[in-house]
Amino acid sequence: PSVQVALRDDATANRFGVGAVVTARFADGTAQMREVQLGGGFASFDEPVAHFGLGAQREVAALEVRWPTGETVRLEGPFAAGARYEVRRARR
């Protein structure tokens, strides 16, 4: 099982939040971090989505997003396995 997190940043020109760090926190106190990137190597392209493999976990307890601007937001779950979530930062 996995959880995917897509970012949409309407507050800046960086629409997909490239460079943001997404942290998935679990009920047992463990966590995983992913940086949103567009490429992983020479002439490659990765979809700008943070993908978290859950292993034995059934859900994510909370998500934290540290946007490239330094602003941080925490979203309380639970976020179910097998789903894709979108975190949107609104224009100010």
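Values below: every heavy atom of this structure, side chains too, minus hydrogens, waters and symmetry copies.
Scanning both residues, A11 and A90, for their nearest heavy atoms gives CB-O, 3.5 Å. The two residues A27 and A61 make their nearest non-hydrogen contact at N-CB, 3.8 Å. Between A31 and R25, the shortest heavy-atom distance links the atoms CB-NH1, 3.7 Å. The shortest non-hydrogen separation linking A80 to V3 is O-CG2, 3.4 Å. Here the shortest heavy-atom pairing between G19 and P68 reads C-CG, 3.9 Å.
Residues forming a side chain to side chain contact (heavy atoms under 4.5 Å, CB included) with S2 (at least two apart in sequence, or on another chain): H51. Every residue meeting the salt bridge (Lys or Arg N to Asp or Glu O under 4.0 Å) condition with R74, not counting sequence neighbours, appears here in chain and number order: E64, E76.
At a threshold of 4.5 Å between side-chain heavy atoms, the hydrophobic network of Ile, Leu, Val, Met, Phe, Trp and Tyr places L75 and F16 in two separate groups. In the hydrophobic clustering of ILVMFWY residues, with side-chain heavy atoms under 4.5 Å counting as a link, M33 and L38 come out apart. Under a hydrophobic clustering in which Ile, Leu, Val, Met, Phe, Trp and Tyr are joined whenever their side-chain heavy atoms come within less than 4.5 Å, directly or via other members, V21 and V87 fall into different clusters.
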Next item on the list: Run the numbers on R66 and E71 for salt bridge (charged side-chain N to carboxylate O under 4.0 Å, His left out), then give the verdict.
Entry: CA-CA 6 Å; R66 184 169 42 93; E71 180 183 344; over 6 Å; no
Next item on the list: Apply side chain to side chain contact (heavy atoms under 4.5 Å, CB included) to the pair F26 and Q32, showing each step before the final yes or no.
Entry: CA-CA 9 Å; F26 302 98; Q32 294 181 30; 3.8 Å; yes
Checklist line | side chain to side chain contact (heavy atoms under 4.5 Å, CB included) evaluation trace for F79 with L63 | finding: CA-CA 8 Å; F79 298 94; L63 290 170; 3.8 Å; yes
Next item on the list: Applying side chain to side chain donor-acceptor pair (under 3.5 Å), run through T30 and D28 and close with a yes or a no.
Entry: CA-CA 6 Å; T30 61; D28 66 1; 2.6 Å; yes
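For Q4 (side chain) and Y85 (main-chain N/O), no donor-acceptor pair under 3.5 Å exists by modelled atom type.
A side-chain hydrogen bond (donor to acceptor under 3.5 Å, both in side chains) with T12 is found for exactly one of D10, N14, D9, namely D9.
Taking 4.5 Å as the limit, some side-chain heavy atom of V65 sits within range of a side-chain heavy atom of L7. At least one side-chain heavy atom of R89 sits under 4.5 Å from a side-chain heavy atom of T69.
No salt bridge links R84 with E86; every basic N to acidic carboxylate O contact stays at or beyond 4.0 Å.
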